[in-house]
Amino acid sequence: MAYVKINKDRCKGCGLCIQNCKLALLVIVEDELNVLGYHPVGFVDGEGECKGCKFCAETCPDCAIEVYK
Amino acid sequence: MAYVKINKDRCKGCGLCIQNCKLALLVIVEDELNVLGYHPVGFVDGEGECKGCKFCAETCPDCAIEVYK
Amino acid sequence: MTTEAKDKPKKVYGRPESLKDVGFHFCPGCNHGNVHKMVAEAIDEFGVREKTIGVAGVGCGVFLYNYIDIDVLEAPHGRACAEATGVSRVHPDHVVFTYQGDGDLAAIGIAETIHAANRGEHITVLFVNNTVYGMTGGQMAPTTLLGQKTTTSPYGREFMGEGYPIKMAEMLATLEGTAFVARVACNTPKNIMAAKRAIKKAFKMQIDKMGFTFVEILSACPTNWGMDAVTANKRVEEEMIPYFPLGILKERTTADYL
Amino acid sequence: MTTEAKDKPKKVYGRPESLKDVGFHFCPGCNHGNVHKMVAEAIDEFGVREKTIGVAGVGCGVFLYNYIDIDVLEAPHGRACAEATGVSRVHPDHVVFTYQGDGDLAAIGIAETIHAANRGEHITVLFVNNTVYGMTGGQMAPTTLLGQKTTTSPYGREFMGEGYPIKMAEMLATLEGTAFVARVACNTPKNIMAAKRAIKKAFKMQIDKMGFTFVEILSACPTNWGMDAVTANKRVEEEMIPYFPLGILKERTTADYL
Amino acid sequence: MMKGAEAIAEGAIHAGCRFYFGYPITPQNDIPEYLSRELPKVGGTFLQAESEVASINMLLGASAAGARVMTSSSGPGISLKQEGISYLAGSELPGVIAYVSRIGPGLGGIAATQGDYKQVTAGGGHGDYYTIALAPSSVQEMFSLTKLAFDLSDKYRNPAIVLADAILGQMKEPVEIGERPALEDIEMPEKPWALTGAEGRDAQLVKSLFLGDGEMEVQNWKLYDKYEKLKKEDTYYEELQLEDARLMIVSFGSCSRMVLSGIEMARAEGLKVGLLRPISIYPFPEEAVRKASEAINKVLVIEMNTGQMVKDVKVSVDRAADVHFYGRPGGGLPTPDDILAEIKKVY
Amino acid sequence: MMKGAEAIAEGAIHAGCRFYFGYPITPQNDIPEYLSRELPKVGGTFLQAESEVASINMLLGASAAGARVMTSSSGPGISLKQEGISYLAGSELPGVIAYVSRIGPGLGGIAATQGDYKQVTAGGGHGDYYTIALAPSSVQEMFSLTKLAFDLSDKYRNPAIVLADAILGQMKEPVEIGERPALEDIEMPEKPWALTGAEGRDAQLVKSLFLGDGEMEVQNWKLYDKYEKLKKEDTYYEELQLEDARLMIVSFGSCSRMVLSGIEMARAEGLKVGLLRPISIYPFPEEAVRKASEAINKVLVIEMNTGQMVKDVKVSVDRAADVHFYGRPGGGLPTPDDILAEIKKVY
Amino acid sequence: MYHDVIMAGFGGQGILLIGDMLAQAGMIMGLNVTWMPSYGVEMRGGTANTTVVVSDKRIGSPITGRPFSVIAMNGPSLEKFNTWVRPEGLIIANTSMADKSIVKRDDVDAVFMPCLELAVEVGADRAASMTALGAYVEKTGVVTIDALGKALESYLTGKKAKFIPMNKAAIERGALFAREGK
Amino acid sequence: MYHDVIMAGFGGQGILLIGDMLAQAGMIMGLNVTWMPSYGVEMRGGTANTTVVVSDKRIGSPITGRPFSVIAMNGPSLEKFNTWVRPEGLIIANTSMADKSIVKRDDVDAVFMPCLELAVEVGADRAASMTALGAYVEKTGVVTIDALGKALESYLTGKKAKFIPMNKAAIERGALFAREGK
Ligand SMILES: Cc1ncc(C[n+]2csc(CCOP(=O)(O)OP(=O)(O)O)c2C)c(N)n1
Ligand SMILES: Cc1ncc(C[n+]2csc(CCOP(=O)(O)OP(=O)(O)O)c2C)c(N)n1
Ligand code: SF4
Ligand code: SF4
Ligand code: SF4
Ligand code: SF4
Ligand code: SF4
Ligand code: SF4
Ligand SMILES: [Mg+2]
Ligand SMILES: [Mg+2]
């Protein structure tokens, strides 16, 4: 039941959240460019795997991820 | 045979040499005033006790004592 | 718990209240952002937003005031601890902290830092160590690692002539005036959690008037390290932490004045 | 040995050659005089008078140049280590030393001292700690002992607000750039002998290019302590040494560059 | 009767200054020494900093926090404070700096001199700003101008310097100061801009960095306007025996005291000489000098330096006026006799 | 073609400078970065100090030891160096300081400005001294005036500043510099006063403390005479199209470039306007300005500040001349159009 | 002769480089030149612009608020600078990253060119700005394409020399577009 | 009325104190006064001197190179300052520590007094300088002995009050010497 919300216009595509999601639920969306000119991250969790562990959010320097659980 | 020479005009009468001569061979000469306006120290060794241990000279901050041996 | 809580997931992580809702100017993957979040979280946790005064050093963290919703003073480069001393002496019941980079604190500001620590000023010093002068374009800092190439150590830092990466936490821990000294990092969730704890502890001990509190935060500067954020994070793990070991170096249990 | 030597006593202690034949301006019983003698003795011992450059800090020791027969540079208050760095970089084969008081070195000059030490500059720093600003009339120094009254701590130094007497030798010993760190005193013949050895060792290690060498010399300032010289010497023994323990804190055995 | 340096310290206490940060340096040590004794008695804070750099920055912090605060120093220490002074001006923060000059450049010496006029009035620190600068010439003024410095500093949110020298610092004269007022009885302006914690209001900011397009130009003109206002409203000077004068002497601070004696001697010999004494050296009394010089177009500037105020006088005088200079730098004192001789030379 | 900042660095190398001590600050980082790469190649020493205070003092040490040595910085850093600069002057030591201005006061901003004219020309540090100050207006001059600064600094045993701004520091222009000469081929004066160890001579001393009775006054007058000599022998300026001019513009540094364009536009419209560009801003070309202003008594001073050079111009001009001012502080740039408009206003 | 041009775009687009190239080429031709970059805060990122002046006389101002030409490599730059161009002046706009509708004036000569596509076309994917430079030189004749080539060669030496042909191709493609409008 | 005097001697002789007393007394009498100490290097020891001016008008210079009077408590001071005294002026010299032969001029009024002996005589061994002050006031009448006494009282308060009689005695002894030459 857990999921994350990404504030795409705050994301700078640094990839730290991706590195820290052990379940690989985050990916760079290559064909999107946000207002800052970065490719933002997307949450891809087809099977509802997200544990709401917050690792992604904690590591996001730009405070672009909210976690719901 | 050891003795010390005091450069009276360099002595500031601080008394450190006196404090450190275990044989009490040095005294302030109260009735003498040197060019600096201090009562200098005198070497009083009637019985030739001085060991030339250099303690007095080492402790003299004003380098006013020479030791001979 | 109500059933509602079960039905509708609750936000379990989001923007701390004291963190203004604007984007950071930091480069992608810059740990300054993490530290800002943690500071805001600590302020929120203790409910001291309205009695906290921050002192921003000059470096990439100088815009603290754009992000954290508190009174902020901008100090000249390196002098934040002196400013914080002035502020804290006038408002002894406020929470006063400085936010400083390694150039700011360990180079030009080392005297003010050591003496504020030695006086046991009731302030918290947050020291963002990224082994480089970030804001001015990547020059050598006192914390630059041996062999590290920067714009002013183009051949790699050499201890002969340029000296050793300075360990501020260790040095400050030797002073009697310091109540809490810790070194943390932002490169893994685990380290981030420890970092948060340390920052909160520092604020708490200041609030409890225990003395000078200091947290050194090892941080990545992907831009000036010439790496992407993920590689930079690895560098923190593989090169920085071995030289700058993490942990609490000192924690006083009774206040100085007791 | 000739018989002559037996007949006519030889001078076994006198003015070192490098010490000019003029009286010191120091107050009666001031240990600055002892330190000057020791420096001159060390210079004579190694025969380096003609390749030694002294850097005088501002304090009662500023007139170094009036007494020691070597090239001397007068540095701004607190900056002697920076000046010495400049001199030593230009003349790497010379012997370069600074002569500084506790106000000079531990207060205003602490940054320059720490960083010169950290860089392992090939200089010797002689640090005359008399717990007071001598030259300016007895104000509180970073080394002033707790409870000590001075003209700017008229109610006695308190650690709350004024901080702790700072232990420079201990702090510098933690830096990798320092090769030799010792604390000595001038209050007894025994301590004076140890002080001489330490100063000579420091010069020797500099000559051998071992790195930064530092000798802290606990000294009496009878004038500003408001005591006669003999009592002042006792204070060194009874109050200073217990807080500032004597000894060699660090001695490197292999040179830095090896 | 009190020492000039102590009059500064007491003036600060009377002005409601309860925070002092400083570092020892001759010849101003009487100020911190006095305050280390007296401030605790009025609930104030005396802190000897690790350096002059630290003290000006502690002052900056305390000022930003809303307090009236002072530091004091001399030559080398004031030079070290220049960055901080520039930051005070840039951050629009008040703060009083008592400056008891010693001879420079370098370590120099501690005798009386006016060799720091340029540094005080024409910058010192970086950037387009000025420091309010008052130059007392008596122990009474050491007291009263220190108080005025606090008021002006708060009024303009700009650092203010009280510039004295070893003569003024060390001499004793009778002073009228009255009882020390209680802090709450001292009139001080509100400081809504001060950093006191964002309780019940928006968070506030004290800074000097302006990066927005054109922002800094606006800021520089704002400061400029402030200095123009300062010139109009708070220029101070004293005129003495100028009514019938044929020769006007311009002199400030302790030097003007020697000049006074010189003028007395000259008058005794029938020479019509008067004095214009700038009390605020920044702003310089340009208008007053110009006006006076229209009628008296012989001007003699006398300073204890090699001629630092001359430029200000030259820029101020009427086009027709002739400006002469007599000076003694480096601790040399122009005695009344010297001054009389000089008066005769240019009369 | 090279950057202005790099031209300063290369100028130093060509002048035989083999020691550099500095601390990062925008907008002058190209200087230390360049030298950190290049100095080791010529056997020199580049050392990044822990602060600006440390760097000016390392410079002082190296200078006392006999070396040609440079430091560089900007506003806040230069303010911190003021004590050291005063000590250099007081100890009569040479040393070159490259100053690439940023906007002040305080942290300000990094755009181009001339807001540090006062600080550079009227003191900065304590005491009765001046700093030699050269103001290049092209990348070529960034190179050549840096070399000149070393020569003058050695000649007068006095610190010398090269004052530039972000425009001059960042811009690229073609420069003629020739090959780097070998150290032994560079003409440099002997320095018998340098501290090199007392081998085969009496021990020597470099100091600025003079406590003997009257000693410091002698020292101050000695410095004064030096500055008088400097004025006579080493004042530099450029005159352009003044022969037939009705209006003389006085402008220095990067600003004079904009003025050049403005003058070109004015001339195209038939307005007879010329330029007097001070190259040495200390010593200021007083004599040249005075002479020129006898024939052309309309003077317009244009600066990128709120009017700092105006006083020098006013003191220099002929009594009959009118002095106007146009300025843009805080990073505002006077465009050629602005200048043309101003020319028309006062023409 | 006197030519001034402002070139602007994102940080990574090689703006400073093409400015430098132009100035270098001018220098090679014995002309006076200045090259002046803009600079942001003490910090990374953002947009970049550079002003280049080429003249056969001594150059006054190295900056201008009213250039003869502007090369805008992205939308924000076109927005900001198109109005600065003098009447009768020249605008080169990269339509791969800027909308031509931004330019509302008709008193200037405007070249709207899809720099990215043109560069890709000649196999010089990362040299979009070179096409704009080519177009600029073609239009103004400030320097010769030949001098530009020499400047390029002086720039790309050693390992980088292999990029010379690609860049030359981009310049020529840009020039072609300016000549033929396609 | 206008009087200026330089008082000089060794550091420990209480020079600054007698100057201060004189100024204080002037103030008590409603006159303008200045008291100006000399100061040496940033360092202890040496000689001390002070200049006191008492006047019924606004006081200009608090220092002078040509005083009306000089009080010299030791040889070096007498040596240095005796020539500064204005013709017709006054010299008070302490012959316990200075040789009267130092003064080579006869255009001044000179009081040569053995201050130490005089002080000892009235049981005020450490108040030699007070005798000189007494003589000075007697000779010049700048302030009254009475005002001087009040100044003394304002100075020596609390525990130190017990020294008042002794000091007064010294002042009076000095005055007597000045009057009667013995
Ligand atoms: C007195 C002074 N010197 C230098 C500077 C230029 N400066 C601005 S930030 C900075 C260093 C920033 O490095 P650091 O403190 O490590 O912070 P970071 O940007 O790496 O977080 C410097 C040298 C300045 N503003 N003031
Ligand atoms: C920048 C600066 N600040 C202050 C001073 C004044 N000053 C001269 S010596 C000194 C302190 C001397 O104390 P210390 O270094 O302990 O030496 P000591 O005289 O005790 O041997 C000070 C503060 C100065 N000369 N320069
Ligand atoms: S909350 Fe945990 S599991 Fe969910 S996306 Fe973030 S890191 Fe992955
Ligand atoms: S960590 Fe944050 S900024 Fe970085 S990629 Fe993930 S969401 Fe984007
Ligand atoms: S040498 Fe030794 S025994 Fe002789 S006088 Fe000195 S201390 Fe005494
Ligand atoms: S130690 Fe030296 S100065 Fe002191 S009393 Fe003895 S001889 Fe004299
Ligand atoms: S330069 Fe480095 S420290 Fe500064 S914002 Fe970018 S990554 Fe962070
Ligand atoms: S004041 Fe103190 S340190 Fe200075 S000479 Fe006198 S005793 Fe020595
Ligand atoms: Mg950093
Ligand atoms: Mg000391």
> So which of D:E170, D:K167, D:M171 actually passes side-chain contact (heavy atoms from CB on, under 4.5 Å) with C:L175?
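One option only clears the test, and that one is D:M171.
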> Tell me which of these, D:R89, D:E121, D:E162, D:E158, has more heavy-atom pairs under 4.5 Å with chain C than the rest.
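Highest number of heavy-atom pairs under 4.5 Å: D:R89.
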> For chain D, find which of C:I110, C:N118, C:I166 contributes the most heavy-atom pairs closer than 4.5 angstrom.
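Among C:I110, C:N118, C:I166, the one with the most close pairs to chain D is C:N118.
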> Within a 6.0 Å radius of atom NZ on C:K201, are there more than 12 heavy atoms belonging to other residues, nucleotides or ligands?
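No, NZ of C:K201 has 12 or fewer neighbouring heavy atoms, counting only those of other groups under 6.0 Å.
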> Just wondering, more than 12 heavy atoms not from C:K149 lying within 6.0 Å of its NZ?
no
> By a 4.5 Å heavy-atom criterion (distance strictly below it), what part of C:I108 contacts chain D: side chain, backbone, both, or neither?
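Neither; nothing under 4.5 Å.
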> Between chain D and each of C:A106, C:P142, C:G161, C:A107, count heavy-atom pairs under 4.5 Å; write down the option with the most.
C:G161
> Please classify the contact between C:A117 and chain D as side chain, backbone, both or neither, with a heavy-atom cut-off of under 4.5 Å.
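No part of C:A117 comes within 4.5 Å of chain D.
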> By a 4.5 Å heavy-atom criterion (distance strictly below it), what part of D:A116 contacts chain C: side chain, backbone, both, or neither?
neither
